[in-house]
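One structure is given here, and the rest of the page talks about it.
Just so you know, these numbers come straight off a predicted model, no measurement behind them. Hydrogens, waters and symmetry mates are skipped; everything else that's a heavy atom, side chains included, is used.
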Amino acid sequence: MLRDGLFFAAIAIVSSIIFAPGSFASEENFKVRTVGHIESIIIETKYDEKTGEEVSTEKNGIELTGIFKVNEKSFAAEIVNLENGFSYNLEGGIKQILSEDQAYYYTGIDKNNELTKFEAVVEKISEDDYVSTINIYEYEDINDKEPTNANTFTFNGKGSELNKYKQESERRTIEYSLSDKTNDTVSPLALEDYYEHIQKGWGKGYKYYIQGPLTTRRDSGNNYSFRWGTDIQDIEKMLKEKGVKHTGSHDIVDFRLRIYTDEPIVFNTVDPINSSTNTFSVPMRFGDYIGVQWIPVVTDSVSIKGSGTDNLLYTFKWNSTYFPSGYLDERDFDEKPSNKNGFAVRYFMDTSPNISTGDKIINFNGYFNYRTLYSNYGLLLNHYTEITKTDYYLIEITK
């Protein structure tokens, strides 16, 4: 997600260079809280083959550590994440005093990488106690106006929190098997079989729905549709709890979906077919009455990696230089989609002739980056919230 960098053990050495005596000799530095987090929720469900049980965990925030040298004129910070092993060496200047002796707005760059820029708000909580909110923007080229990645770092003294619970989902079990029939009696799939209910799931900031044949034969394959949806009420609730005064304006600027397995199975793209396809539609079935409908998807850019392998990754992005550029999809999955844009892909799962029969685990990882417009002392800023869901579904392989 973010670039690799220095580990925490090197902070003392680096910071002695960054914050050399005399850099802020005439200004008194604010005491900014040194523990923070990336605004992120990571939800992961795993299946333990030994116990036959599912283990679900929810991690709120990716913990960060920072060393700050900040005053009314200048901002400098060394930010490190021990878990992922990345760091930032930020340095900038005052852009606006939002409230005299209370709140300050800074902009600048990463001294170690000119392709990384930042904006930061530092607020006074009490005497000798300040918090900071930092937006990090990463670019591919120095002349690019649009960042390839954006995150919000909050230094309020809170790191990450880990919880375990039973994840809500409709994990359907296989009720019948084509392997019970002889090869001579296997008939072509009916329309409803192409769009069978495989699995639904939902949680903080997301929901998903997978449709396709529940069974696939050896040395064969089928198409599968995978749709995702947003839940802005969850995001607004989290923002309210954090004291973020959002304007009610939200969109998605980054959506990713990875489909992968340890089985002798490969995945090939269908919709979108390649990285040059920015506008496409994905079929989903809405029962006998409505039938098959198409979910339109409109992006600014598409990146596809791993088509034809056991690890397929889709990345959809929307222009983040103006607001709004992306969209939300708050519709219930039973609702007729009309022509509203959504988040979905269709892929072909191809099995090896050597694959064994029985239930096979197909893993997936879905990611939303929500962008929220909020007001801070009259200044309109972006707040980014990452939602990541990792889970699996089952497909039965027959002879």
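- Applying the 6.0 Å contact sphere to CD of Gln293 captures more than 12 heavy atoms from other residues, nucleotides or ligands.
- No side-chain heavy atom of Thr279 sits under 4.5 Å from any side-chain heavy atom of Thr299.
- Side-chain contact check for Asp329 and Thr230: no donor-acceptor pair (N or O, by modelled atom type) lies under 3.5 Å.
- Looking only at side-chain heavy atoms (C-beta outward), Tyr314 and Ser303 stay at 4.5 Å or farther from each other.
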### Query
Going through the checks in order, is the salt bridge (charged side-chain N to carboxylate O under 4.0 Å, His left out) test met by Asp332 and Lys207?
CA-CA 9 Å; Asp332 187 86; Lys207 53 183 175 285; over 6 Å; no
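- Lys124 NZ: more than 12 foreign heavy atoms inside a 6.0 Å radius.
- No close placement of the Phe255 and Trp318 rings is indicated, their centers lying 6.0 Å or farther apart.
- Both Ile265 and Ile395 are members of a single hydrophobic cluster when ILVMFWY side chains are connected at heavy-atom separations under 4.5 Å.
- Looking at Glu78 and Ser87, their side chains come closer than 4.5 Å, going by heavy atoms from C-beta outward.
- Within a 6.0 Å radius of CD in Glu241, other residues, nucleotides and ligands contribute more than 12 heavy atoms.
- In this structure, OG1 on Thr57 lies 5.0 Å from CD on Glu44, to the nearest 0.5 angstrom.
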### Query
Can Arg33 and Asp129 be said to form a salt bridge (charged side-chain N to carboxylate O under 4.0 Å, His left out), step by step?
CA-CA 7 Å; Arg33 296 180 185 181; Asp129 185 17; 2.8 Å; yes
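- Judged by distance alone, the side chain of Thr309 and the main-chain N or O of Asn311 form a donor-acceptor pair under 3.5 Å.
- A 4.5 Å side-chain heavy-atom check between Asp350 and Phe267 finds every atom pair outside the cut-off.
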### Query
Given Glu236 and His250, is the side-chain hydrogen bond (donor to acceptor under 3.5 Å, both in side chains) satisfied, shown in steps?
CA-CA 9 Å; Glu236 290 186 343; His250 315 268; 2.8 Å; yes
### Query
Does the salt bridge (charged side-chain N to carboxylate O under 4.0 Å, His left out) test come out yes or no for Asp219 and Arg217, once each step is laid out?
CA-CA 6 Å; Asp219 196 19; Arg217 301 177 67 187; over 6 Å; no
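- Within 6.0 Å of the CG atom in Asn339, the count of heavy atoms belonging to other residues, nucleotides or ligands does not exceed 12.
- Thr152 pairs with exactly one of Asn135, Thr385, Asn382 by the side-chain hydrogen bond (donor to acceptor under 3.5 Å, both in side chains) rule, that one being Asn135.
- More than 12 heavy atoms of other shown residues, nucleotides or ligands fall within 6.0 angstrom of atom CD in Gln96.
- Ile94 and Val70 fall within the same hydrophobic cluster, defined by Ile, Leu, Val, Met, Phe, Trp and Tyr side-chain heavy atoms under 4.5 Å apart, directly or through other members.
- Put simply, the side chain of Asp144 never gets that close to the backbone of Glu146: no donor and acceptor are under 3.5 Å apart.
- Distance alone, capped at 3.5 Å, is enough to place a donor-acceptor pair between the Ser275 side chain and the Ile304 backbone.
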### Task
Apply salt bridge (charged side-chain N to carboxylate O under 4.0 Å, His left out) to the pair Asp254 and Lys317, showing each step before the final yes or no.
CA-CA 5 Å; Asp254 193 343; Lys317 289 184 179 290; 2.8 Å; yes
### Task
For the pair Tyr88 and Phe86, evaluate ring pair (Phe, Tyr, Trp, His ring centres under 6.0 Å) and give the outcome as yes or no after the intermediate values.
CA-CA 7 Å; Tyr88 292 91; Phe86 66 80; 5.7 Å; yes
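- In this structure, Ile362 is a member of the same hydrophobic cluster as Ile397, with clusters built from ILVMFWY side-chain heavy atoms closer than 4.5 Å.
- Counting heavy atoms from C-beta outward, Leu257 and Phe343 have side chains that stay 4.5 Å or more apart.
- Ring geometry, Phe30 versus Tyr130: the interplanar angle falls under 30°, so the pair is classed parallel (tilted spans 30 to 60°).
- For the pair Glu63 (side chain) and Ile38 (backbone), a donor-acceptor distance under 3.5 Å is absent.
- One finds a salt bridge joining Glu39 and Lys242 here, because a Lys/Arg side-chain nitrogen approaches an Asp/Glu carboxylate oxygen to under 4.0 Å.
- Counted by atom type alone, Tyr106 and Glu119 present zero donor-acceptor pairs between their side chains at under 3.5 Å.
- Contact of the Lys59 side chain with the Ser160 side chain is registered, since non-hydrogen atoms from C-beta on lie closer than 4.5 Å.
- Of the possible donor and acceptor atoms, one in the side chain of Glu330 sits under 3.5 Å from a partner among the backbone N and O of Ile232.
- When the shell of 6.0 Å around CD of Glu335 is examined, it contains more than 12 heavy atoms from other residues, nucleotides or ligands.
- In this structure, Ser325 and Asp251 have side chains that are in contact, with non-hydrogen atoms separated by less than 4.5 Å.
- The aromatic rings of Tyr208 and Trp228 are tilted relative to each other, their planes meeting at an angle between 30° and 60°.
- Listed for the Arg285 side chain is no donor-acceptor partner under 3.5 Å among the backbone atoms of His197.
- Phe280 is listed as a side-chain neighbour of Asp271, based on a closest heavy-atom distance under 4.5 Å.
- Linking Ile, Leu, Val, Met, Phe, Trp and Tyr whenever their side-chain heavy atoms come within less than 4.5 Å leaves Ile387 and Phe333 in two separate clusters.
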